[in-house]
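The structure under discussion appears below in the form of structure tokens.
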Amino acid sequence: MDYRHKEIEKKWQDIWDEKESFKAYNDYSKPKYYPLVEFPYPSGQGLHVGHPRPYTALDIVARKRRMEGYNVLYTMGWDAFGLPTENYAIKNKIHPAIVTEDNVKRFKEQLKSLGLSFDWSREINTTDPKYFKWTQWIFIKLFENGLAYKKEMDINWCTSCKVGLANEEVVGGVCERCGSPVVKKAKSQWMLKITEYADRLIDDLEDLDYIERVKSQQKNWIGKSTGMEVDFKTTAGEKLRVYTTRPDTIYGATYMVVSPEHPMLETYKDQISNYDAIEAYREEARSKSDFERTELNKDKTGVEIVGIKAINPLTEKEIPIWISDYVLMTYGTGAIMAVPGHDSRDWEFAKAFGLPIVEVVSGGNVDEAAYSDIDDGILVNSPLIDGLRVDDAKKKISEYIEQNGFGIGKVNFKLRDWVFSRQRYWGEPIPLVSCPTCGWVPLPESELPLTLPDVESYEPTDNGESPLAVMNEWIETTCPKCGGHAHRETDTMPQWAGSSWYFLRYCDPDNDQEFASMDALNYWMPVDWYNGGMEHTTLHLLYSRFWHKFLFDIGVVNTKEPYLKRTSHGMIMGENNEKMSKSRGNVVNPDDIVKEFGADTLRLYEMFIGDFEKSVPWSDNSVKGCRRFLDRTWSLMDTVVPGDHYTPSLETIIHKTIKKVSEDYETLKFNTAIAAMMSLLNDYKKVETITHADFKMLLTLLNPVAPHISEEMWSIMDFGGMITEQTWPKFDPEKVIDSVVEMAVQINGKVRSTITLPVDASQAEAHELAMADEKIRVFTDGKQIVKEIFVPGKIFNIVVKG
RNA sequence: GCCGAAGUGGUGGAACUGGCAGACGCGCCGGACUCAAAAUCCGGAGAGGUAACACUCGUGCGGGUUCGAGUCCCGCCUUCGGCACCA
């Protein structure tokens with residue numbers, strides 16, 4: 001009988017469906033486990049070979065947990081709002097809802113063909129009004145709690161998508177999605193105050209089991225810095241406030257710099273004698289894109305503000321004030337005290353304009369470069385803090401500054417508030433109306449969901465307004481508060497909205513009273529293990545943590561963090577080790593692999609290919625190798641004979657393999673788990689016959705990776721029931737140890753021979769055996785044995801001299 | 001520049017708290033089966049060296065600790081990912 005993957009895979013997928021083998025029950029008495037994978041954006045391209053990698057990995061965990069007796073919630077959905085669908089719809093004149101439906105259908109078929117053990121009865125779709133009703137509900141809560149506000153601001157405007165972007169969506173000055181240039185555009189936008197949660201988003205990482213690179217990237221992105229705001233008097237009258245993390249270097253502040261957008265320039269216009277030059281510089285800065293302004297290693301430019309001086313509060317000396325675009329209005333106070341001796345940017349600026357450089361921390365050479373080391377430096381030229389180390393000096397001077405009212409401690413973040421408006425059609429409408437008398441008013445819950453108007457055209461407008469802005473019938477409405485004439489907000493939400501809370505909906509997907517019941521949340525949450533791409537670390541992952549914390553604060557979820565554990569998979573590259581793309585011609589279609597080799601082979605291959613956390617190139621030949629392993633396992637059926645016990649010569653290796661595979665499935669080391677099973681197969685092949693017990697064990701261990709073929713063989717062998725319903729095996733700790741071991745014998749640390757001895761043999765026995773070995777005697781005869789190191793079961797090292 | 005990860009055969013990658021480097025797979029070489037090929041099965045191999053052993057070298061580079069280092073310490077180099085004029 002041949003291994004016919006097509007028939008077998010279809011057959012078992014149908015049986016699992018019919019028996020609801022993977023249904024998550026609301027039986028709250030059982031221990032639960034909630035593994036989560038990022039739900040895909042159903043693009044028109046269909047499934048990519050990258051998708052099955054994380055899905056299979058957590059499928060393995062999910063299947064193992066079920067066999068361990070857990071009630072497992074493993075499910076799937078569609079993050080289906082978004083630009084590509086909308087653009088495709090515009091181009092082909094098909095409604096985005098229909099495009100979405102088609103894409104979802106295709107994705108679902110493809111995913112189903114992989115035999116992933118999702119509970120499909122809990123499938124969700126972010127574009128379903130029953131779903132986005134609650135996305136809108138959460139937005140209203142954010143609004144009611146003062147975390148959503150509208151602000152006229154310069155936004156990142158993608159010239160091609162004709163849409164505003166969050167900072168997180170701008171990569172290297174271009175649009176993350178389409179690569180077109182991003183320019184500044186003033187627009188009134190809905191903003192979410194994620195910055196209010198900045199501290200907690202950093203602090204609470206502490207107790208979470210996230211892989212280190214995720215933690216550090218999030219910390220980096222939030223960018224907490226602790227320093228002081230210090231007021232410098234000016235000759236113009238009012239004080240000028242700066243932010244610094246190095247108050248200890250204040251005696252070295254020889255000039256000040258304000259950003260081109262700083263309001264003082266307007267305020268003191270009359271006192272500035274070179275205002276024309278200043279204005280020209282400001283105009284130049286305005287015309288530059290963010291990218292140009294922040295370009296690497298750019299030469300410093302600037303203009304001195306003539307007519308106003310600042311006064312250093314500690315030295316009482318007058319220092320000049322400059323304007324330069326290396327100081328950003330969006331960070332700190334938009335003004336700095338420049339300490340060229342100890343800040344490389346200030347140093348460059350001072351060199352460029354011949355400004356004085358004063359050394360206030362010794363240890364470097366400020367004529368050569370700024371000395372910014374904070375560990376070894378000693379303060380000099382700083383009357384109050386001379387001779388102190390940097391950290392002590394910082395402490396002392398900070399106290400002094402605060403006591404004298406010159407300034408105050410201040411924490412700053414790089415994180416900015418989240419631009420939440422999109423001027424597009426295919427997103428959740430923002431459920432607010434603008435009333436001339438009441439201002440912004442949220443829709444009452446009874447009017448949710450607010451659905452999109454069903455129209456023919458949804459092209460973006462050239463003036464930057466949402467396509468909804470021209471749909472008068474939809475816009476015109478009455479104010480829920482005063483009943484007067486009002487109109488709807490025409491912006492929609494970004495794609496990140498629906499994905500910021502979807503894991504909550506899985507807990508209770510059909511609830512039409514709440515986004516999920518507290519009972520369901522209490523049972524299922526938090527997510528035990530969340531795996532997803534590194535590209536979502538500062539976007540989706542951060543956003544959803546923010547939303548969750550907010551929901552926790554208003555008492556509608558039970559945990560302050562959504563995910564206990566976060567891991568990440570590496571990308572699958574093309575065979576030439578370049579990113580898979582149509583233009584490179586190195587795209588592999590998972591359907592082809594499933595068709596030719598079977599889903600089990602694809603699953604096995606994607607898990608075996610290499611370190612799960614690293615990117616790996618695709619290899620057609622390795623796929624064949626994985627299929628070969630399954631074929632060889634299949635042919636093993638010819639050698640199986642009845643028997644409830646392990647074949648004695650295989651017993652130790654079987655227990656070792658149970659241990660290895662069980663542990664490796666938990667730690668993302670799927671590649672070595674599979675290697676161990678391949679080894680076990682090789683051992684099985686070396687004996688004439690194997691018992692039912694031997695074979696059952698291999699099938700059980702293999703089942704989470706290759707569920708169809710293991711189920712089929714279980715059935716052919718008539719082992720009873722389904723393998724999916726079996727219990728995960730345990731190993732016997734006493735039986736994973738070999739009774740006899742081969743031990744390397746070293747002379748001065750170099751292996752010269754091996755001896756075979758019982759695992760519990762003494763050093764004396766080892767010594768005797770070693771000395772009986774001719775290869776060893778060659779090295780010991782006539783030499784003095786200085787020392788013997790004996791590590792039971794590991795090594796025997798003889799140190800000789802002479 | 002800062003943060004993070006990593007450098008091991010022809011190749012993807014193994015190696016627990018320092019203990020026989022190269023598991024497992026691919027590719028390659030040889031053999032069996034075949035008219036032949038594919039598939040399958042059996043066997044082989046880090047490099048140098050030898051008739052064969054022996055032996056020597058070998059985990060990015062340079063030092064160090066240790067009976068013993070891919071693994072630990074110090075100093076570098078390179079690659080990848082993230083951030084970046086954030087004061």
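Numbered from 1 within each chain, the chains take letters A, B, ... in sequence-line order.
Residues satisfying the salt bridge (charged side-chain N to carboxylate O under 4.0 Å, His left out) criterion with A/D373, sequence neighbours excluded, are absent altogether. For A/V588, the side chain to side chain contact (heavy atoms under 4.5 Å, CB included) partners two or more places apart in sequence, or in a different chain, are A/V49, A/M580, A/I593, A/W618. Legend: residues meeting salt bridge (charged side-chain N to carboxylate O under 4.0 Å, His left out) with A/K660, ordered by chain and number and at least two apart, are A/D664. The salt bridge (charged side-chain N to carboxylate O under 4.0 Å, His left out) search around A/K669 returns none, not counting sequence neighbours. Under the rule for a salt bridge (charged side-chain N to carboxylate O under 4.0 Å, His left out), the partners of A/D343 that lie at least two apart in sequence or sit in another chain are A/R345.
Note on A/K660: every side-chain N or O is 4.0 Å or more away from OP1 and OP2 of B/rA14. One finds no side-chain N or O of A/N748 lying less than 4.0 angstrom from the OP1 or OP2 phosphate oxygen of B/rC67. Side-chain nitrogen and oxygen atoms of A/N577 include none within less than 4.0 Å of the OP1 or OP2 phosphate oxygen of B/rU11. Between A/K669 and B/rA23, a side-chain N or O to OP1/OP2 separation shorter than 4.0 Å is absent. An OP1 or OP2 oxygen of B/rG82 is reached within less than 4.0 angstrom by no side-chain nitrogen or oxygen of A/T538. For A/N671 and B/rG12, the shortest distance from a side-chain N or O to OP1 or OP2 is not below 4.0 Å. Contact check, A/Y331 against B/rA87: a side-chain N or O comes under 4.0 Å of OP1 or OP2.
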> Run the salt bridge (Lys or Arg N to Asp or Glu O under 4.0 Å) check on A/K686 and A/D683 step by step: do they pass?
Replying inline: CA-CA 5 Å; A/K686 283 182 196 136; A/D683 291 330; 3.6 Å; yes

> Can you check ring-ring contact (aromatic ring centres under 6.0 Å, His included) on A/F349 and A/Y255, steps first, answer last?
Replying inline: CA-CA 10 Å; A/F349 191 82; A/Y255 63 101; 5.6 Å; yes

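Nucleotides B/rC53 and B/rU66 have their P atoms positioned 37 Å apart, rounded to a whole Å. Comparing B/rA23 with B/rG46, their P atoms sit 9 Å apart, to the nearest whole Å. For B/rA45 and B/rU11, the C1' atoms lie 15 Å apart once the distance is rounded to whole Å. Rounded to a whole angstrom, the distance from the P atom of B/rC55 to that of B/rU50 is 16 Å.
Rounded to a whole Å, the NZ atom of A/K787 is 10 Å from the P atom of B/rU66. A/W347 places its CH2 atom 15 Å from the P atom of B/rG1, with the value rounded to the nearest Å. If you take NZ of A/K614 and P of B/rA5, they are 12 Å apart, rounded to a whole angstrom. What separates CD1 of A/I674 from C1' of B/rA14 is a distance of 14 Å, to the nearest Å. A/E575 places its CD atom 11 Å from the C1' atom of B/rC26, with the value rounded to the nearest Å. Remark: P of B/rG25 and CG of A/L630 are 13 Å apart, rounded to the nearest angstrom. In this structure, CH2 of A/W221 is placed 10 Å from C1' of B/rG82, rounded to the nearest angstrom. Protein atom CG of A/D664 is 11 Å distant from nucleotide atom P of B/rC16, rounded to whole Å.
Taking the ring centre of A/Y326 as origin, the terminal cationic atom of A/K300 falls inside the region bounded by 6.0 Å and 45° from the ring axis.
The minimum heavy-atom distance between A/S225 and A/Y331, with the atom names listed, is OG-OH, 3.2 Å.
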Would you tabulate the nitrogen or oxygen pairs shorter than 3.5 Å linking the protein to nucleotides 69-78 of chain B?
none

Sort me out a list of protein N/O and nucleotides 18-21 of chain B N/O pairs below 3.5 Å, or just none if empty.
from   : atom 1 : to     : atom 2 : distance (Å)
B/rG19 : N2     : A/Q746 : OE1    : 3.1
B/rC20 : N4     : A/E742 : O      : 3.1

What protein N or O atoms touch nucleotides 37-42 of chain B N or O atoms at under 3.5 angstrom, if any, and at what distances?
from   : atom 1 : to     : atom 2 : distance (Å)
B/rU40 : OP1    : A/R628 : NE     : 3.2
B/rC41 : OP1    : A/R632 : NH1    : 3.3

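No donor-acceptor pair under 3.5 Å is formed between the side chain of A/Q746 and the backbone N or O of A/I795. A donor-acceptor pair under 3.5 Å is absent between the side-chain atoms of A/N671 and the main chain of A/M607, judged by distance alone. Checking side-chain atoms of A/S762 against main-chain N and O of A/E765 turns up a donor-acceptor pair under 3.5 Å. Side-chain atoms of A/S324 come within 3.5 Å of backbone N or O of A/T301 as a donor-acceptor pair.
Nucleotide B/rG9 is shown with a syn base, its glycosidic torsion being within 90° of 0.
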> Which parts of nucleotides 45-54 of chain B does protein reach within less than 4.0 Å, heavy atoms only, written one letter per nucleotide 5' to 3' as B for base, S for sugar-phosphate only and - for none?
Replying inline: ----------

> Taking only Watson-Crick and G-U wobble pairs with both distances under 3.5 Å, what dot-bracket line describes RNA chain B, where [ ] shows pairs that cross earlier ones and | shows pairs with another strand?
Replying inline: (((((((..(((......[....))).(((((.......))))).(((......)))..(((((..]....))))))))))))....

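Salt bridge absent: A/K624 and A/D620 never bring a charged side-chain N and a carboxylate O closer than 4.0 Å.
The distance between the ring centers of A/F608 and A/F629 does not fall below 6.0 angstrom.
A donor atom on one side chain and an acceptor atom on the other are found under 3.5 Å apart for A/N531 and A/H569. Side chains of A/Y251 and A/N312: a donor-acceptor N/O pair is absent below 3.5 angstrom, by distance only. When only modelled atom types and interatomic distance are considered, A/H536 and A/E38 share a side-chain donor-acceptor pair under 3.5 Å.
The base of B/rC3 is not paired with the side chain of A/K219 by any donor and acceptor separated by under 3.5 Å.
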Which atom pairs, donor and acceptor, lie under 3.5 Å between side-chain atoms of residues 748-761 of chain A and protein residues at least two apart or in another chain?
from   : atom 1 : to     : atom 2 : distance (Å)
A/N748 : OD1    : A/V800 : N      : 2.9
A/S753 : OG     : A/D773 : OD2    : 2.6
A/T754 : OG1    : A/E742 : OE2    : 3.3

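The only member of A/L415, A/T537, A/L539, A/I202 that meets side chain to side chain contact (heavy atoms under 4.5 Å, CB included) when paired with A/W221 is A/L415.
RNA chain B is contacted by both A/A676 and A/T672; A/T672 maps to the nucleotide lying nearer its 5′ end (nearest heavy atom per residue). In terms of position on RNA chain B, the residue among A/E212 and A/T245 whose nearest nucleotide sits closer to the 5' end is A/E212.
A heavy atom closer than 4.0 Å to some atom of RNA chain B occurs in A/F608, A/I609, A/D611, these being the qualifying members of residues 602-612 of chain A.
Within a 6.0 Å radius of NZ in A/K659, other residues, nucleotides and ligands contribute 12 heavy atoms or fewer.
Distances were taken from every side-chain heavy atom of A/S622 (C-beta onward) to each of B/rG4, B/rG25, B/rC83; the shortest belongs to B/rG25. Residue A/K750 has its side chain nearest to B/rC57 when only B/rA87, B/rC57, B/rG4 are considered. The side chain of A/N682 has B/rG25 as its nearest neighbour among B/rC83, B/rG25, B/rG4.
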